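Everything on this sheet refers to the single structure shown next.
When a residue number appears, it is its place in the shown sequence, counting from 1. As the structure is a computational prediction, the values presented were derived from the model and not from experiment.
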Amino acid sequence: MAQRITLRRRNPYNTRSNQIKIVKTPGGKLIAHHVKKLATRPKCGDCGIALPGIARLRPRKYASISKTHKTVSRTYGGSRCANCVKERIVRAFLIEEQKIVKKVLKDQAK
């Protein structure tokens, strides 16, 4: 006969926040462990892909971990992916080059 288990919280419904995992203790009893909800991966703010190298945690847990788990050592480390940062750098460089070219053409026109 299967052993009964009792829920450890008062909520009896099978909701997303009340999922349990049945665990057998060393004493042979079955008990319910409540499983936390899976976190979504932090995403790049520009293109939306998941950021590699950044911990996948529930929002409040980020407050209690060190900075090295929340960022990568690069400009825009924890919020933008490498490709988007590269695009920003190239775009800024080309805009500056364009300004210089305009200035040179303006001087030549005089």
Side-chain angles (χ1 to χ4, degrees):
M1 186 174 141
Q3 182 184 339
R4 288 171 181 254
I5 61 160
T6 56
L7 295 175
R8 301 172 87 177
R9 294 182 189 159
R10 288 178 187 262
N11 179 6
Y13 301 108
N14 186 26
T15 59
R16 262 176 21 113
S17 61
N18 201 36
Q19 295 296 316
I20 61 165
K21 178 183 176 188
I22 299 169
V23 177
K24 189 176 245 184
T25 63
K29 286 195 326 192
L30 295 179
I31 60 165
H33 276 185
H34 285 275
V35 180
K36 293 216 163 84
K37 288 194 284 189
L38 280 178
T40 56
R41 299 275 311 263
K43 306 274 194 306
C44 172
D46 289 349
C47 65
I49 68 161
L51 294 174
I54 293 163
R56 180 183 187 162
L57 301 172
R58 297 299 296 170
R60 283 291 290 177
K61 292 288 177 197
Y62 285 109
S64 62
I65 62 167
S66 66
K67 189 176 179 181
T68 56
H69 292 90
K70 291 182 274 196
T71 63
V72 290
S73 55
R74 178 176 57 237
T75 313
Y76 297 106
S79 73
R80 301 292 185 268
C81 70
N83 287 333
C84 291
V85 173
K86 189 164 74 174
E87 276 179 24
R88 281 173 181 233
I89 292 168
V90 169
R91 189 183 310 132
F93 173 75
L94 291 175
I95 289 169
E96 289 300 313
E97 287 290 308
Q98 204 172 25
K99 284 180 188 173
I100 293 167
V101 168
K102 278 184 182 176
K103 189 178 175 187
V104 167
L105 290 173
K106 191 176 175 185
D107 290 344
Q108 284 178 351
K110 287 183 180 179

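- Here the CG-NZ distance, from Leu105 to Lys102, works out to 10.0 Å after rounding to the nearest 0.5 Å.
- The two atoms that bring Cys81 and Cys44 nearest to each other are N-SG, 3.4 Å, heavy atoms only.
- In this structure, Tyr76 places its OH atom where only 12 or fewer heavy-atom neighbours from other residues, nucleotides or ligands lie under 6.0 Å away.
- Annotation: side-chain hydrogen bond (donor to acceptor under 3.5 Å, both in side chains) contacts of Asn14 (sequence neighbours excluded): Gln19.
- How far CD1 of Ile22 is from CD1 of Ile31: 11.0 Å, rounded to the nearest 0.5 Å.
- Remark: the backbone N or O of Tyr62 is paired with a side-chain donor or acceptor of Lys70 at under 3.5 angstrom.
- In this structure, the separation between OG1 on Thr68 and CD1 on Ile54 is 11.5 Å, given to the nearest 0.5 Å.
- Atom SG of residue Cys84 and atom CZ of residue Arg91 lie 9.0 Å apart, to the nearest 0.5 angstrom.
- Under the 4.5 Å side-chain heavy-atom criterion for grouping Ile, Leu, Val, Met, Phe, Trp and Tyr, Val90 is connected to Phe93 within one hydrophobic cluster.
- Residue Leu7 comes nearest to Pro12 through the heavy atom pair CD1-CA, 3.9 Å, listed as atom of the first residue, atom of the second, then distance.
- To the nearest 0.5 angstrom, Arg8 atom CZ is 7.0 Å from His34 atom NE2.
- Residue Lys67 holds its NZ atom at 10.5 Å from OG of Ser73, rounded to the nearest 0.5 Å.
- Contact annotation: the side chain of Ile5 approaches that of Ile20 to within less than 4.5 Å [non-hydrogen atoms, C-beta and beyond].
- Under a hydrophobic clustering in which Ile, Leu, Val, Met, Phe, Trp and Tyr are joined whenever their side-chain heavy atoms come within less than 4.5 Å, directly or via other members, Val35 and Leu57 fall into different clusters.
- Screening residues 45-62 for salt bridge (Lys or Arg N to Asp or Glu O under 4.0 Å) gives Asp46-Arg80, Asp46-Arg88 as the qualifying pairs, with residues at least two apart or on separate chains.
- The heavy-atom pair separating Val72 from Pro52 by the smallest distance is CG1-O, 3.9 Å.
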